[in-house]
Structure formats: structure tokens, C-alpha cells
Amino acid sequence: MNLTIPATFTPPTPRELKPHSDSWQVGQRTFASTRDLVAHAHELDGQQAVYRFNEVPDPPPFTPNERLRNAVGGALTGAVAGAGAGALVGGGLTLLVGLADLLNQAITYAPGNPVTASLVLVPALAGAALGAAAGVGEGWRHEPGQPPREISGRLESEGGKLSFYPEQRLDRKVDLSAYQDAGQAAPTAPEPQNALWNTVKGAAVGAALVPAQMIPLVGIAAPVVVGSAVGQALDRRTLLGEGLGVFAGAGLMVGGLGLIISGVVSPSAVALGAAGGLGLAGAALGHKVFSSLADQERPAYQYGEQWWNR
């Protein structure tokens, strides 16, 4: 049995969608829309162009109070980063001083000199102060939203139609005369989250931070990284949440080490107490944090695959 396909049949093509906002830059000229660009097609043949776009709307500008929160959050994050860098420098100095003292003992038979904690504390405190100062400035200058994405390429005008070749690739021709009529994507809602599962995951992540301390380097970074993620999830508007999360993660790690080194509490008691406390905190915050992270990861608009987001 033979099927007859009508001569007018054309295979279905994916729906073309524009990003939320876009513009074109051709030399010194800026075109506010693709339609505006196409209207000048006869002037743009062979020109290099940059397509700029945002997939989501820009959030409103920060209020003075929010800028202050950003400055505080930036200071906290900067202080932790600066203290960590200073501690590394101090650790290197301690190692060098220790080696020099051993060499001196071997040569002169002189008694050894104890290495003071100030070799680590002083650089760490200085790094924290410098990091906090830098963080205040960065936080105050922080702007909401993301800068527009860019795609550069070449424009070609033929037969009254304007085409764009992204990244100069001839196999990726975009018919701008048709694209100017592309539609807008509808907003999408985040998928509902399982509260019980998120609570269990939060408890597991919190408790796992304690055995993670046994892994070199990973153990040091884990509390800070998790604290940063939790802070960002709880405060998606300003940098204060991230700063508090980073500071809390670093504080818990340093406080636990301090208790162990002081000998006031046994290492096993510190580990059990920290695992229990962090597990409870993770359970309490798990649903809110994982729901917020899922909402962040999901695009606000369902674009599918378009030429500009491949």
C-alpha cells in the first residue's frame, strides 16, 4: 500500500521562541529589537554583530537597606576567605621557621625554640581584616540579576532577507526575517517538592559534615561550601545569607577544632555532638533549602532548545 503525501506537506519544526529581552550591537549602533535590526537589513550586509539577551526579567534594583545587607554579607565572606589565605601563609611561615630551627639545632647543638601560634594567628587576622574590607566594597557594588549573555556572528542580507551566522558558522544560519516574529515563552512553575524526602536529605548532609573532616582538604572546605549553599537558598535576594552561611560554616569548623585542641572535650564527644546538632539543623532547614535550590535550577521560562541557548 502506497501513501501519497500532499505536495504542500512540510515537516513540523520546533517553535521558535525569543528570550525575555534582547538587543543587537552592530559596530557603534544598537538595535533594541530584532525587528528594528531587520528594518535596516540593506545597511548591514557583511557586518559583524553581537546578539545580547536575558532569559529572565531583571529583578528590581537594590534598596539602600539591601545594599547594606550586601556589604555585610560581602564582609563576612571576605573575612573568611582572607583568614583562610592568611592561615595558609602562616602555616608556610611556621613550617619554614620550624625547619630553620631544626637546621640550627643540627649545626650549633643549641636548644630548640618553640614555634608560637602567632605565626598563624597574625597572618590569619590580617587576612580577615583585608578580606572584610574588600568584601564590603564588592558587596556594596553588587547588582541584582545577571549580565546579558552574548553571541557574536556575521550578518548577511540577500533578497531582502537578513540572516545571522552565530560564531561565523555557516551551518548555523538563522533567518532573522522569520525570527523577528518568534513568540515568547510562558512562565513555568517549580515542581512540587517532597517535604519528607528533603528533610531526610537535609539531616544526612548535616550529619555527613562530621566524617567529611577526615578527608584531606575536602573536610576543611565542606562546612563553608554547604553553609554558603544554605545561605544562598534562604536569602536569594542579597549577599547576607551567603555571608552568614560561610561564616557559620567556618565558625563551626574552627570552634570544633578549638575544643579538641584545648582538651576540654574529647574528640569523640565533639564529633557526636556536632553530628547530632548538624543533623537536626539539616532536618529543620532541608525542605526549605532543597525547594529553593530546585526553584533556582529550573528556568523561569520553558524555552526548550533554541538557536541562542544551544
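Small disclaimer: the values here were computed from a predicted structure and weren't measured. Counting begins at 1 with the first residue of the sequence.
More than 12 heavy atoms of other shown residues, nucleotides or ligands fall within 6.0 angstrom of atom CD in Gln48. Residue-environment remark: NZ (Lys288) stays at or below the threshold of 12 foreign heavy atoms within 6.0 Å.
For residues 126-161, the ring-ring contact (aromatic ring centres under 6.0 Å, His included) pairs, not counting sequence neighbours, are Phe62-His142. Sorted by first and then second residue, the pairs that involve residues 144-170 and meet ring-ring contact (aromatic ring centres under 6.0 Å, His included), not counting sequence neighbours, are Trp24-Phe164, Phe164-Trp307.
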Just list the side-chain donor-acceptor pairs under 3.5 Å for residues 242-265, sequence neighbours left out, or say none.
from   : atom 1 : to     : atom 2 : distance (Å)
Ser262 : OG     : Gly258 : O      : 3.1
Ser262 : OG     : Leu259 : O      : 2.8
Ser262 : OG     : Val264 : N      : 3.4

Under 3.5 Å donor-acceptor pairs involving side-chain atoms of residues 206-222, not counting sequence neighbours:
from   : atom 1 : to     : atom 2 : distance (Å)
Gln213 : NE2    : Leu209 : O      : 3.2
Gln213 : NE2    : Gly219 : O      : 2.8

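Under a hydrophobic clustering in which Ile, Leu, Val, Met, Phe, Trp and Tyr are joined whenever their side-chain heavy atoms come within less than 4.5 Å, directly or via other members, Val80 and Leu240 fall into the same cluster. Linking ILVMFWY side-chain heavy atoms closer than 4.5 Å, directly or via other members, places Tyr179 and Tyr301 in a single hydrophobic cluster. One hydrophobic cluster, built from ILVMFWY side chains closer than 4.5 Å, holds both Val289 and Leu278. Residues Val89 and Leu125 do not share a hydrophobic cluster, clusters being chains of Ile/Leu/Val/Met/Phe/Trp/Tyr side chains in contact below 4.5 Å. Val225 and Leu239 are not part of a single hydrophobic cluster, where members link through side-chain heavy atoms under 4.5 Å apart.
Applying the salt bridge (charged side-chain N to carboxylate O under 4.0 Å, His left out) criterion to Asp175, with sequence neighbours excluded, gives no partner residue. For Glu150, the salt bridge (charged side-chain N to carboxylate O under 4.0 Å, His left out) test picks out Arg52, with sequence neighbours left out.
Closest approach of Asp181 to Arg35, counting heavy atoms only: OD1-NH2, 2.5 Å. The nearest pair of heavy atoms linking Ala75 to Val136 is CB-CG2, 3.5 Å. Taking each heavy atom of Glu167 and Arg172 in turn, the nearest pair found is OE1-NH1, 3.9 Å. Nearest heavy-atom pair, Pro59 versus Gly145, reported as atom, atom and distance to 0.1 Å: CG-N, 3.4 Å. Residue Gln146 comes nearest to Asp58 through the heavy atom pair O-OD1, 4.4 Å, listed as atom of the first residue, atom of the second, then distance.
Ser177 places a side-chain N or O within donor-acceptor distance of the main-chain N or O of Leu162, the cut-off being under 3.5 Å. Put simply, the side chain of Lys201 never gets that close to the backbone of Phe290: no donor and acceptor are under 3.5 Å apart. Under the 3.5 Å distance criterion, the side-chain polar atoms of Gln232 are left unmatched by any main-chain donor or acceptor of Ala229. With hydrogens and angles ignored, the 3.5 Å screen pairs no side-chain donor or acceptor of Glu156 with any backbone N or O of Asp45.
Looking at Gln25 and Thr30, their side chains do bring a donor and an acceptor atom within 3.5 Å of each other. Asp36 and Ser33 form no side-chain donor-acceptor contact under 3.5 Å, judged by distance and modelled atom types alone.
The pair Arg141-Glu143 fails the salt-bridge criterion, with no side-chain N (NZ, NE, NH1 or NH2) lying under 4.0 Å from an Asp/Glu carboxylate O. Between Glu43 and Arg29, at least one side-chain N (NZ, or NE/NH1/NH2) sits under 4.0 Å from a carboxylate O, which counts as a salt bridge. Glu55 has a carboxylate O that lies under 4.0 Å from a charged side-chain N of Arg149, or vice versa, which qualifies the two as a salt bridge.
Counting only heavy atoms from C-beta outward, the side chains of Leu176 and Leu155 approach each other to under 4.5 Å. Between Leu285 and Val230, the closest side-chain pair of non-hydrogen atoms falls below 4.5 Å. Looking at heavy atoms from C-beta onward, Ser292 lies out of side-chain contact with Gln193 at the 4.5 angstrom threshold.
Between the OG1 atom in Thr77 and the CD atom in Glu138 there is a gap of 11.5 Å [rounded to 0.5 Å].
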TODO: Using the side-chain contact (heavy atoms from CB on, under 4.5 Å) rule, take Arg237 and Glu66 through it: C-alpha gap first, then chi angles, then the decisive distance, then the call.
DONE: CA-CA 8 Å; Arg237 174 67 176 167; Glu66 288 174 329; 3.0 Å; yes
Open item on the list: Is there a side-chain contact (heavy atoms from CB on, under 4.5 Å) between His20 and Asn54? Walk through the geometry before answering.
Closed with: CA-CA 6 Å; His20 182 270; Asn54 280 315; 5.5 Å; no
- [ ] Begin with the C-alpha distance, continue with both residues' side-chain angles, and end with the deciding distance and a verdict on side chain to side chain donor-acceptor pair (under 3.5 Å) for Asn309 and Tyr303.
- [x] CA-CA 9 Å; Asn309 66 5; Tyr303 290 110; over 6 Å; no
TODO: Might you work through the side-chain contact (heavy atoms from CB on, under 4.5 Å) test for Asn198 and Ser291, ending with a clear yes or no?
DONE: CA-CA 8 Å; Asn198 282 342; Ser291 295; 3.8 Å; yes
TODO: In sequence, state the C-alpha distance, the side-chain angles, and the governing distance for Val26 and Leu37, and then conclude on side-chain contact (heavy atoms from CB on, under 4.5 Å).
DONE: CA-CA 9 Å; Val26 184; Leu37 183 81; 3.9 Å; yes
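For Trp308 and Phe53, the distance between ring centers is under 6.0 angstrom.
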